[in-house]
Amino acid sequence: MGQRQERTVGTQTVNVLLLEDNPDDSDLILEFLSEQKQIHFKMNVVDRLSAALEQIAAGGFDIILSDLGLPDSQGLATLDNLLAAAPAVPVVVLTGLDDEETGLEAVRRGAQDFLNKGEINGSLLARLIGYAIQRKQSEEELRRHRDQLEEMVAERTDEL
């Protein structure tokens with residue numbers, strides 16, 4: 001099943017669910033994020049979609065970083081399941097291949113961003129996480145305002 005690892009650094013806390021089945025890749029990501037001094041990244045690492053879905057149900061994550069090739073899920077179906085389970089949590093797809101087309105399709109389907117694992121460094125990953133969280137928060141705020149506006153229009157229409 002999954003493994004739980006935590007590394008904490010900095011003052012601001014970001015709770016990260018890392019879905020990665022390659023221990024070398026997850027160790028590298030943990031190392032990169034532990035180098036960031038301004039942010040405290042609390043990492044929960046799992047290696048299967050089923051374990052990630054259990055963690056998501058428990059709640060408390062600010063962001064999900066996910067590989068798409070897992071023992072129990074492959075490709076964009078992994079992303080679809082994550083988005084269905086955690087619609088308000090930003091998801092960043094980590095690709096192992098230089099597959100920009102899959103990354104772009106992931107963004108079209110609702111991922112906040114994608115990054116080739118071979119291009120990751122600590123500052124880039126930390127910045128990407130921060131931007132993804134901000135974009136998702138903005139999307140959620142816009143959705144709430146749209147819902148309120150639609151409700152007001154419906155009420156006004158009923159009055160007429």
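Please read all numbers here as calculations on a predicted model, not as lab measurements. Counting begins at 1 with the first residue of the sequence. Every heavy atom of this structure was used, including side-chain atoms; hydrogens, water molecules and symmetry mates were not.
For the atom pair CD1 of Ile133 and OG of Ser138, the computed distance is 12.0 Å after rounding to the nearest 0.5 Å. Distance check, rounded to the nearest 0.5 Å: CG of Asp24 to CD1 of Ile29 gives 11.0 Å.
Val16 pairs in a side-chain contact (heavy atoms from CB on, under 4.5 Å) with only one of the listed residues (Asp62, Leu65, Leu30), which is Leu65. Between Asp67 and the options Leu19, Leu18, Asp21, a side-chain contact (heavy atoms from CB on, under 4.5 Å) holds for only Asp21.
Residues satisfying the side-chain hydrogen bond (donor to acceptor under 3.5 Å, both in side chains) criterion with Arg156, sequence neighbours excluded, are Glu159.
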> Could you go step by step and tell me if Glu100 and Phe114 meet the side-chain contact (heavy atoms from CB on, under 4.5 Å) rule?
Replying inline: CA-CA 8 Å; Glu100 189 160 326; Phe114 72 96; 3.8 Å; yes
>> For a side-chain contact (heavy atoms from CB on, under 4.5 Å) check, start with the C-alpha distance between Leu70 and Thr78, then their side-chain angles and the critical distance, and finish with the verdict.
In response: CA-CA 8 Å; Leu70 303 167; Thr78 303; 3.7 Å; yes
> Going through the distances and angles, do Leu82 and Leu17 end up as a side-chain contact (heavy atoms from CB on, under 4.5 Å)?
Replying inline: CA-CA 11 Å; Leu82 292 171; Leu17 176 60; 5.5 Å; no
> Under the side-chain contact (heavy atoms from CB on, under 4.5 Å) criterion, do Ile129 and Ile39 qualify, and how do the steps go?
Replying inline: CA-CA 11 Å; Ile129 288 170; Ile39 301 173; over 6 Å; no
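Under a hydrophobic-cluster definition in which Ile, Leu, Val, Met, Phe, Trp and Tyr are linked whenever side-chain heavy atoms come within less than 4.5 Å, directly or via other members, Tyr131 and Leu33 are assigned to different clusters.
Using a cut-off of 4.0 Å between Lys/Arg side-chain N and Asp/Glu carboxylate O, Arg109 and Glu105 are scored as salt-bridged. No salt bridge links Arg143 with Glu150; every basic N to acidic carboxylate O contact stays at or beyond 4.0 Å.
Under the 3.5 Å distance criterion, the side-chain polar atoms of Asp72 are matched with a main-chain donor or acceptor of Ser50. With Glu20 contributing its side chain and Asn22 its backbone, the two residues share a donor-acceptor pair below 3.5 Å.
Among all heavy-atom pairs drawn from Ala132 and Pro90, the shortest one is O-CB, 3.7 Å. Nearest heavy-atom pair, Phe61 versus Gln55, reported as atom, atom and distance to 0.1 Å: CE1-O, 3.4 Å. Between Leu83 and Ala111 the shortest heavy-atom distance is CD1-N, 4.3 Å. Nearest heavy atom pair, residue Ala106 against residue Val93, reads CB-CG2, 3.9 Å.
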